[in-house]
Amino acid sequence: MAERLYEAYLEPPARRVFDELSDAQQEEVWRLIQLLELDPSPDGSVKVVVQLPPVVVTVYTHPNWWIMYHVPRPGRIAIDAIRPAWPPPDWAPGAFFRR
């Protein structure tokens with residue numbers, strides 16, 4: 001894997017979910033987080049910006065997982081939430097499911 005440019009950490013809500021996952025699920029989620037560490041920039045396809053007034057969030061969308069995150073300062077990624085991709089959250093735009 002390429003050298004990571006960011007270091008991710010789990011915020012308490014994400015940590016609670018992560019700790020409840022099976023070992024295999026934790027490994028899969030951590031692999032996705034490692035991909036975010038290479039480049040968390042939204043790409044409009046997999047890493048998308050979602051408007052949830054009054055906030056705007058960035059979500060890494062994967063067929064199995066959604067990871068909500070933000071970059072609080074250079075070189076750091078805060079993982080705010082982790083959730084299975086199905087069922088989709090009520091705020092998810094339908095376009096995410098027409099891939």
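Note that these values count all heavy atoms, side chains included, but never hydrogens, waters or copies made by symmetry. Since the structure is predicted, the reported quantities are computational estimates derived from the model, not experimental observations.
- Among residue pairs with one or both ends in residues 57-69, none qualify as salt bridge (charged side-chain N to carboxylate O under 4.0 Å, His left out); sequence neighbours excluded.
- Between the side chain of Y60 and the backbone N or O of L32, no donor-acceptor pair lies under 3.5 Å.
- Residues R76 and P72 come closest through the heavy atom pair O-CD, 3.4 Å.
- When all heavy atoms are compared, the tightest approach of Q26 to L21 is NE2-O, 3.6 Å.
- K47 NZ to H62 NE2: the interatomic distance, rounded to the nearest 0.5 Å, is 13.5 Å.
- In this structure, the separation between CG on L36 and CH2 on W30 is 10.0 Å, given to the nearest 0.5 Å.
- The distance from atom CD1 of I82 to atom CD of E20, rounded to the nearest 0.5 Å, is 12.0 Å.
- Using a distance-only test at 3.5 Å, with no hydrogens or angles considered, no donor-acceptor pair links the side chain of T58 to the main chain of V48.
- To the nearest 0.5 Å, atom CD1 of residue I67 and atom CD1 of residue I79 are 6.0 Å apart.
- For the atom pair T61 OG1 and D43 CG, the distance stands at 8.0 Å (nearest 0.5 Å).
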Show which side-chain atoms of residues 6-16 pair as donor or acceptor with protein atoms under 3.5 Å away, not counting sequence neighbours.
{"unit_1": "R15", "atom_1": "NH1", "unit_2": "D19", "atom_2": "OD1", "d": "3.3"}

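- A donor-acceptor pair shorter than 3.5 Å can be found between the side chains of D39 and S41.
- Across all non-hydrogen atoms, the minimal contact from Y69 to P40 is OH-O, 2.6 Å.
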